[in-house]
Each structure stands twice: as C-alpha cells, then as structure tokens.
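One structure is given here, and the rest of the page talks about it.
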Amino acid sequence: MNVAAMLGQRVSEALAEAGAQDAPPVVGPATRPEFGHYQANGVMGAAKRLGTNPRALAERVLAELDLEGIASRVEIAGPGFINIHLEPAFIAAQLDTGQPLLEPATESMTIVVDYSAPNLAKEMHVGHLRSTIIGDALVRVFTALGHHVIRQNHVGDWGTQFGMLIAHLEEIGANSEQLSDLEMFYQAAKRRFDDDQAFAQRARSQVVALQSGEPDVRAAWRRFIDISLNHCETIYQRLGVQLTRADVRAESAYNDDLQDIVAQLDDAGLLTRSDGADCVFLDQFTRKDGTPLPVIVRKSDGGYLYATTDLAAIRYRCRTLHADRVLYFVDARQSLHFQQVFAVAAKAGFVTESCELEHHPFGSILGPDGRPFRTRAGGVVKLTDLLDEARRRAERLVRAKNPDLPEAQIDAIAEAVGIGAVKYADLSKSRTTDYVFDWDQMLSFDGNTAPYLQYAHTRINSMFQRGGLVLGSLSGRMRLAEPAEHDLGALLIRFQEVVDQVARDAFPHHLCGYLADVAARFMQFYESCPVLNQDEPIRTSRLLLSQRTADVLKTGLGLLGIETVERM
RNA sequence: GCGCCCGUAGCUCAGCUGGAUAGAGCAUCGGCCUUCUAAGCCGAGGGUUGAAGGUUCGAGUCCUUCCGGGCGUACCA
C-alpha cells in the first residue's frame with residue numbers, strides 16, 4: 001500500500017470538511033523522528049490562501065481527521081504541521097507476508113520507453129550507458145506497476161556513416177574477422193573518409209545507392225546492421241538489460257513515412273522554404289532579436305534529418321501504438337531538439353490528446369579529470385572493456401574479502417557485483433547532472449553503493465541458512481518491539497510510495513537512496529537485535545522482519561536491474 | 001549574443017508540488033569481533049547552500065541581477 005497516498009487522501013478529505021477544498025495535503029515522511037512517521041504540511045498553504053490562521057485550520061482538520069487503527073497519535077506542531085505517529089500494529093500489518101510488496105497502479109497505461117538507441121555504425125561505448133541503464137530501470141518499474149510497456153530501441157542505422165563503412169568494405173573486401181571489431185573498422189573507414197577525397201566521394205555515392213535500394217549495397221548494409229545488433233545484444237545480456245531484437249525499431253523503419261510527414265506539415269500550413277530547406281518556424285522558438293529558430297525537416301538537397309524521423313516516430317507511437325506516455329531517455333544536449341520536435345508534433349496533430357511526451361535528460365559521464373570519460377589514449381571507452389574491468393575489479397575484491405568462497409561461484413558473484421556496481425553508480429546519481437566515473441567509489445562496498453546493498457541481502461540470506469530456513473518460506477505477522485525493529489519496519493512500508501514516485505518522475509536515484517536507507521537501517525537492527533538465539537515469539541518475528549527486508553532489497557534492486565547473490 | 005542545466009562539508013553526492021535544527025559516504029580522529037559475514041556497527045569534528053537583493057509566517061528549493069562552470073544554438077545524430 002502507498003501509505004503516504006492513503007494518508008494524503010484522508011488529510012485531503014479532512015481539509016475539505018474544514019473548509020479548504022482542493023488543497024494539496026502535502027503528506028510526506030517526517031523530517032525528524034520526534035515528528036512521527038509522516039507529516040502533513042498542506043494546512044499552512046491552505047490557510048494562507050483562505051486568509052485564516054493556520055493553527056486554527058489545523059485544529060479543524062484534526063477534528064475531521066479519523067485515523068482510527070492507523071495512527072496512535074496525531075498532533076499539531078509549529079506553525080501548523082500535522083504530525084502523524086503510526087500505530088505499531090498498523091505498520092506490522094503492512095509488512096504481513098500476505099501483503100504484496102507492490103500493488104499495481106489504479107489505471108494501467110500504455111507506456112513507450114525510448115532508450116539505449118546506439119549508433120549501429122560503431123560499437124557501444126560509455127556514452128550509451130546511462131540511457132540504457134536508466135531506461136531499463138524505468139521499464140522494470142512500469143512493468144511491476146502493471147502498465148503495458150513498449151520498449152523502443154531507436155537505433156541509428158541510417159545515414160552518411162554507413163556509406164563510409166560500405167565503401168571501406170568494398171575497398172578492402174573485409175572478411176568477417178575484420179568486421180568483428182566494428183569500432184576498429186569504423187575508425188579505419190573514418191580515416192579514409194577524412195584523408196581521401198575520392199574515397200569520401202565514393203562513400204557519398206554509396207549512401208545514395210543505399211537509399212535507392214541497390215541490392216548489393218543493401219546486402220552490405222544488412223551485414224553491418226546484423227553484426228552490430230549481435231554486438232549490442234551481447235552487451236545487453238551482460239548488463240541484464242531487457243532489450244531484444246523485437247524491441248528494435250530503427251531509424252530506417254520510418255524511411256517510408258518521411259515524405260508523408262513533410263506533406264502533412266505542409267497541409268497544416270507549417271512549412272516554410274528557407275535557403276532551399278523545408279523548415280517549421282514556431283513562435284516560441286525565436287531568438288531575442290526576433291530571428292526565428294527553424295526546425296529543418298528536409299535539407300536543400302532533399303535529404304531528411306533526424307528531426308523528421310523523430311516526428312515520424314512520435315506519430316507512430318501515439319497513433320499506432322496508442323501510447324499514454326512516451327518517455328525519452330536521451331542525453332541532455334538534445335533538450336532543445338526535443339522541445340522543438342514535441343512542439344511541432346503537437347501543432348501538426350501527430351500527438352493524440354491523451355499522449356504525454358516526456359524527455360528525461362541526463363548528464364555526461366566524466367573522467368577523474370572532469371573531462372568527458374575517455375581511455376588513457378584519448379579514445380572512447382567501449383562498453384565491453386568497461387564491463388570486463390568491472391568484473392576484474394569485483395573479482396579481486398571478492399577474493400580478498402571472502403577467501404572461503406567456492407571457486408565455482410566466484411565467476412557469477414564477480415559478474416553480479418561488478419556489473420551491479422557500474423549500474424548502481426549511474427542510477428544512484430541524480431539523472432540530470434554530469435557525474436564522475438570512479439571505480440573506487442562504486443566498488444567501495446560502503447555507503448550508497450550496490451555492494452553494500454547486496455551485502456545486506458547476503459547477510460539475511462546467510463542468517464536463514466544458518467537457522468536451517470529457506471528465505472521466503474516464513475509466513476505470519478511480526479511484532480515490532482525494539483526501536484531498531486520499529487524504525488526498520490516504518491521504513492519498509494514506504495517501498496510502494498518510493499516506487500510510485502519513480503514511476504511518476506523517472507528519477508531512479510530516489511529508489512537507490514531509499515534502498516540504501518533500508519540496508520543501513522537493517523544493519524543497525526542486525527547489530528542491536530540478535531535473531532537466531534532468541535526465544536519465540538521474538539525469534540520468528542525478527543526473522544519475518546528480516547525476510548521482508550530481503551524481499552524489499554531484492555525486489556528493489558531487481559527494479560533497478562541489479563542482481564542479488566546468496567553469498568559474497 | 002541568446003537559451004537550457006548546474007554551483008551544497010576537503011572529496012563524491014542527497015535534499016521529493018517552499019517547511020521545523022541542510023543530510024549520507026569517502027577521508028580524519030576515537031570506540032566495538034568467545035555471539036547470525038567487521039564488506040559491518042557506534043561516536044566526534046567538519047557548512048555564510050557561488051555572491052547580493054527580493055517574495056513570506058518560513059527559501060538550498062521560487063523571482064531579479066551578478067560571478068563561475070558545462071552544454072546547446074539552420075541543413076550531423
């Protein structure tokens with residue numbers, strides 16, 4: 001149950017009874033323990049609008065507020081805060097094994113998530129990490145809340161780079177071995193393109209041949225796409241990302257729509273010819289001096305641009321897929337592009353009334369020097385190499401910390417810990433800003449890191465094993481007696497509320513922060529409340545609390561696409 | 001020039017539609033292993049929230065100006 005939402009509903013009704021209709025209750029977790037578990041801050045805002053005394057209004061709200069069986073104490077504090085202390089039995093009841101961790105959303109929506117979208121001309125590199133990981137986490141969150149999720153991997157499979165690749169392939173007659181390192185092949189082709197005018201010319205004519213459907217050129221192009229997609233799939237599997245070929249809807253899939261998109265823009269009277277290019281000028285995108293800012297949808301040479309493709313994709317997602325929400329997890333540098341494209345799409349009627357288009361931008365990954373993250377040689381960091389290194393470092397740490405681990409398990413543990421650390425490091429930072437990629441921090445096993453959370457889970461797991469019990473097999477209701485038990489329980493009931501919030505604002509770092517709190521709160525409980533050597537009913541009650549904690553940690557990490565392990 | 005994002009402890013980062021005494025981790029210092037994994041726990045110090053104004057019962061959060069940084073800004077994606 002979303003306890004905050006439930007309390008918000010009650011307070012909202014009480015506010016209405018007290019004369020403040022439609023006043024937001026502003027219920028959230030209490031900022032300090034002595035203020036209870038939740039606090040409602042909406043009274044003060046409502047009183048301001050009504051021009052009444054906030055404490056007097058709070059009194060009236062309190063008189064209308066019935067939290068029988070939920071709260072043990074509700075009080076007014078300060079200028080008009082309402083502090084809610086939950087009944088321990090109510091908290092325990094929420095944690096009963098019969099209570100689901102997550103309830104589905106009240107209305108199921110069709111949600112399109114656009115993420116990863118690598119350029120198929122090259123290998124996946126560190127620049128694709130954030131979109132892929134964050135997008136996938138949101139996919140998992142939406143799915144868990146019962147929404148109909150449609151993944152869209154809008155891969156770049158069209159354009160000038162492919163002419164370059166094809167020309168180079170033709171020139172050297174490369175075998176499949178040379179193609180296995182697509183990055184090297186791309187770099188070689190790029191050098192030829194930059195250094196040799198005749199080659200560049202051939203590359204351009206290959207683009208034309210590709211676009212006109214020349215069979216040989218098409219075949220070569222398909223070969224690149226195939227190799228590249230295989231490579232992507234390998235990465236996705238290692239990352240534990242739920243993208244498959246079925247989710248690929250490439251740029252080229254919209255090729256046949258582009259002409260029609262431009263025609264519709266023309267019909268809508270939005271098209272202007274400027275310097276030979278077809279543009280849409282919108283009033284909201286002008287410079288200060290009044291010069292309008294164009295969205296170019298067709299170049300002066302007749303070629304289309306990614307804005308055109310994005311418009312076609314919007315129409316497809318709204319009109320054909322019937323999306324209620326479309327979320328784009330794309331680099332912050334494209335913010336202006338999306339503002340413009342969304343505005344044009346709305347004006348042209350590509351967007352249905354009920355469809356919400358959302359660009360969720362993120363910052364860049366920086367190296368220790370604060371510059372964009374590169375290899376020491378200055379090249380792009382390939383994801384394959386990055387994940388290998390994560391695994392290596394994790395293995396070294398795991399071996400050092402726990403030499404008793406069976407050799408057979410080390411591989412799987414190192415992979416789960418290493419990959420988990422990389423993903424968590426990304427997901428736990430506020431999405432919108434740049435962040436510094438730091439191996440030591442993400443694998444430090446301390447603080448807000450994946451290993452810390454995974455370790456908390458293994459502690460619970462090994463407690464059950466030592467007690468001869470299977471995690472997840474216990475059922476019943478617990479009693480929260482000690483402060484550490486109570487504090488942990490009160491935090492565990494917030495799981496739904498946090499997941500709902502992530503679904504709303506697409507900031508997975510809120511879930512990370514919450515799970516880190518849960519792990520820390522559990523560690524405190526673990527230190528101060530012995531479990532296995534206790535008499536009944538305390539023993540079972542504490543086991544139930546631990547089991548519920550494990551459930552929240554495992555499910556929560558699962559929503560982030562991070563594995564848990566039995567031992568580490 | 002204009003637009004968007006950012007500036008919080010020595011470092012890396014939180015701070016949820018404006019709320020009560022701005023929080024974690026690292027690093028530093030001091031405690032805790034005959035007891036479920038010490039990869040842990042407890043405690044201490046550390047802040048003019050870039051600067052100055054403004055809005056109000058209340059501002060890290062909203063508005064204005066300035067300083068500093070990043071990124072965009074007509075035919076690449």
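Not measured: the values here are computed from a predicted model.
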Answer with base, sugar-phosphate or nothing: what part of the nucleic acid does [X] contact at a heavy-atom distance below 4.0 Å?
X       : answer
C529(A) : base
A277(A) : base
Q334(A) : base
D310(A) : nothing
A400(A) : nothing

So which nucleotide from [options] ends up closest to the side chain of [X]?
X       : options                   : value
E251(A) : rC76(B), rC36(B), rA77(B) : rA77(B)
I296(A) : rA20(B), rA74(B), rC36(B) : rA74(B)
M568(A) : rC75(B), rA39(B), rG19(B) : rA39(B)
K299(A) : rC75(B), rA77(B), rA39(B) : rC75(B)
E34(A)  : rA38(B), rU21(B), rA20(B) : rU21(B)

Walking RNA chain B from its 5' end, the first of P24(A) and D331(A) to be reached, judged by nearest nucleotide, is P24(A)
For F35(A) and F525(A), find the nucleotide of RNA chain B closest to each by heavy atoms; which residue's nucleotide sits nearer the 5' end?
F35(A)
Work out how far the [atom1] atom of [N] is from that of [M], and round it to whole angstrom.
N       : M       : atom1 : value
rU55(B) : rG68(B) : P     : 28 Å
rG60(B) : rU49(B) : P     : 8 Å
rG23(B) : rA74(B) : P     : 46 Å
rU28(B) : rC11(B) : P     : 16 Å
rA24(B) : rA14(B) : C1'   : 7 Å
rU61(B) : rG43(B) : C1'   : 32 Å
rA9(B)  : rG50(B) : P     : 8 Å
rG46(B) : rG25(B) : C1'   : 14 Å

Below 3.5 Å, does any donor atom in the side chain of S274(A) face an acceptor in the base of rA74(B), or the other way round?
yes
Name every residue in residues 495-510 of chain A that has at least one heavy atom under 4.0 Å from any atom of RNA chain B, in order of residue number, or write none if there are no such residues.
Q501(A), H509(A), H510(A)
Whole angstrom value for the distance that separates C1' of rG40(B) from NZ of K401(A)
10 Å
Rounded distance (Å) that lies between atom C1' of rC6(B) and atom CZ of R431(A)
15 Å
Charged N to carboxylate O under 4.0 angstrom, R55(A) versus E59(A)?
no
Inspect the contact between K190(A) and D194(A) and indicate whether a charged nitrogen and a carboxylate oxygen are less than 4.0 angstrom apart.
yes
Between the protein and nucleotides 41-47 of chain B, which nitrogen or oxygen pairs are less than 3.5 angstrom apart?
from    : atom 1 : to      : atom 2 : distance (Å)
rC41(B) : OP1    : Y452(A) : OH     : 2.7
rC41(B) : O4'    : E527(A) : OE2    : 3.4
rC42(B) : OP1    : Q524(A) : NE2    : 3.0

Output a table of donor-acceptor pairs, distance under 3.5 Å, between side-chain atoms of residues 357-365 of chain A and any protein atom two or more places apart or on a different chain; print 'none' if there are none.
from    : atom 1 : to      : atom 2 : distance (Å)
E358(A) : OE1    : R325(A) : NH2    : 2.9
E358(A) : OE1    : H360(A) : NE2    : 2.8
E358(A) : OE2    : R325(A) : NE     : 2.7
E358(A) : OE2    : R325(A) : NH2    : 3.3
H359(A) : NE2    : V330(A) : O      : 2.9

The correct list of stems in which RNA chain B takes part (3 or more consecutive Watson-Crick or G-U pairs, distances under 3.5 Å) is B:1-7 with B:67-73, B:10-13 with B:23-26, B:28-32 with B:40-44, B:50-54 with B:62-66
Name all residues meeting the side chain to side chain contact (heavy atoms under 4.5 Å, CB included) criterion together with P530(A); count only those two or more places apart in sequence or in a different chain, and write none if there are none.
N533(A), Q534(A), R542(A)
Could you work out, with side chain to side chain contact (heavy atoms under 4.5 Å, CB included) as the rule, every residue matching S462(A), not counting sequence neighbours?
none
Is the distance between the ring centroids of Y306(A) and H154(A) less than 6.0 Å?
no
With a cut-off of 3.5 Å and sequence neighbours excluded, list every side-chain donor-acceptor pair involving residues 338-345 of chain A.
none

Donor on one side chain, acceptor on other, Y304(A) and N255(A), under 3.5 Å
no
So, Y38(A) versus E497(A): side-chain donor-acceptor pair below 3.5 Å or not?
yes
Who pairs with E75(A) by salt bridge (Lys or Arg N to Asp or Glu O under 4.0 Å), at least two apart in sequence or on another chain?
R73(A)
Anything under 3.5 Å between a protein N or O and an N or O of nucleotides 11-13 of chain B, put it in a table, one pair a line.
from    : atom 1 : to      : atom 2 : distance (Å)
rC13(B) : OP1    : V436(A) : N      : 3.0

Quick one: side chain to side chain donor-acceptor pair (under 3.5 Å) partners of R459(A), sequence neighbours excluded?
Y455(A)
Does D426(A) have any side chain to side chain donor-acceptor pair (under 3.5 Å) partners at least two apart in sequence or in another chain, and if so, which?
R130(A), Y435(A)
Side-chain heavy atoms of Y526(A) within contact of T549(A), under 4.5 Å
no
Protein N or O to nucleotides 55-63 of chain B N or O, pairs below 3.5 Å:
from    : atom 1 : to     : atom 2 : distance (Å)
rG58(B) : O6     : K48(A) : NZ     : 3.1

With a centroid cutoff of 5.5 Å and a plane-angle limit of 30°, would you call F81(A) stacked on rG19(B)?
no
Closest non-hydrogen atom pair, M442(A) against T449(A):
O-CB, 3.9 Å
